Amino acid sequence: MAAAVASACTPENKGFRFSHPLLLLAAALLVTGAVTGYWVALAGGWLLAYGSRTLSRREAKLASMGLPGAVAAGGLVWLWGRMDGRWGEPIPEDGMGEALSGVWPVVVRAAAVASALFLVWRARRRVE
């Protein structure tokens, strides 16, 4: 198995390989933060992604702000739908704080996983 992986990464073989360890470190921090709930790991992963020289400015902003923003917007849409009784259990009049506190950790973890998947995808550049 190890010989197959080593031979696949030789210069003679064109294909995919992981060639950007800093992006993989950022993705690992994001996944670690998502699993453990450790905010410092999440912040470190997003800061590494934003400061990466490997990614273009557009890609760095997408990884650190765009994808988390899209996931947060999805969380807000979920809450909006629950307020109007469109899906899920309707939120009571005085229950918005409790609903937000229930959705917030899920949204942050989903945003971290989305960013990590994007970073792993970008770290897997095609070798020509």
Side-chain angles (χ1 to χ4, degrees):
M1 172 84 171
V5 171
S7 67
C9 294
T10 60
E12 299 86 33
N13 292 338
K14 295 181 180 179
F16 290 100
R17 69 179 179 133
F18 294 109
S19 58
H20 303 291
L22 192 62
L23 294 181
L24 294 176
L25 175 63
L29 282 172
L30 288 168
V31 169
T32 300
V35 169
T36 63
Y38 190 52
W39 289 92
V40 175
L42 291 171
W46 278 313
L47 285 173
L48 277 175
Y50 186 77
S52 171
R53 291 183 173 186
T54 303
L55 299 174
S56 69
R57 284 294 84 206
R58 173 178 269 170
E59 289 173 333
K61 288 179 183 178
L62 178 66
S64 59
M65 291 183 280
L67 290 173
V71 172
L76 289 174
V77 168
W78 171 255
L79 287 174
W80 167 77
R82 284 194 56 204
M83 278 180 20
D84 292 344
R86 285 178 167 66
W87 49 74
E89 184 180 329
I91 299 172
E93 286 294 321
D94 58 346
M96 183 54 85
E98 185 178 330
L100 274 172
S101 67
V103 168
W104 178 250
V106 175
V107 167
V108 171
R109 288 177 172 168
V113 169
S115 293
L117 288 173
F118 177 78
L119 291 173
V120 168
W121 175 63
R122 295 313 302 157
R124 195 176 167 207
R125 304 243 185 205
R126 181 146 181 94
V127 178
E128 297 293 336

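Positions are given from 1, in the same order as the sequence printed here. Because the structure is a prediction, the values reported are computed rather than measured.
Of all the heavy atoms in Ala27 and Val120, the pair that sits closest is CB-CG2, 3.8 Å. Counting all heavy atoms, side chain and backbone alike, Ala49 lies closest to Ala26 at N-CB, 4.1 Å.
Under a cut-off of 6.0 angstrom, the local environment of CZ in Arg58 is sparse, with at most 12 non-hydrogen atoms contributed by other residues, nucleotides or ligands.
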Should Leu24 and Leu119 be marked as a side-chain contact (heavy atoms from CB on, under 4.5 Å) after you check the CA-CA gap, both sets of side-chain angles, and the distance that decides it? CA-CA 7 Å; Leu24 294 176; Leu119 291 173; over 6 Å; no
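The line from CG of Asp84 to CG of Leu79 is 11.5 Å long, rounded to the nearest 0.5 Å. With rounding to the nearest 0.5 angstrom, the CH2 atom of Trp121 is 12.0 Å from the CG atom of Leu23.
Leu30 and Val113 fall into different hydrophobic clusters, where Ile, Leu, Val, Met, Phe, Trp and Tyr side chains are chained together by heavy-atom contacts under 4.5 Å.
Relative orientation of the Trp80 and Trp87 rings is perpendicular, given thresholds of 30° and 60° on the angle between their planes.
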What pairs of donor and acceptor atoms, side-chain ones from residues 91-111 against any protein atom, are under 3.5 angstrom apart with sequence neighbours left out?
unit_1, atom_1, unit_2, atom_2, d
Ser101, OG, Gly97, O, 3.3
Ser101, OG, Glu98, O, 2.8
Arg109, NE, Ala34, O, 2.9

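Judged as a side chain to side chain donor-acceptor pair (under 3.5 Å), the pairs with a partner in residues 21-50 (not counting sequence neighbours) are, in order, Trp46-Ser115.
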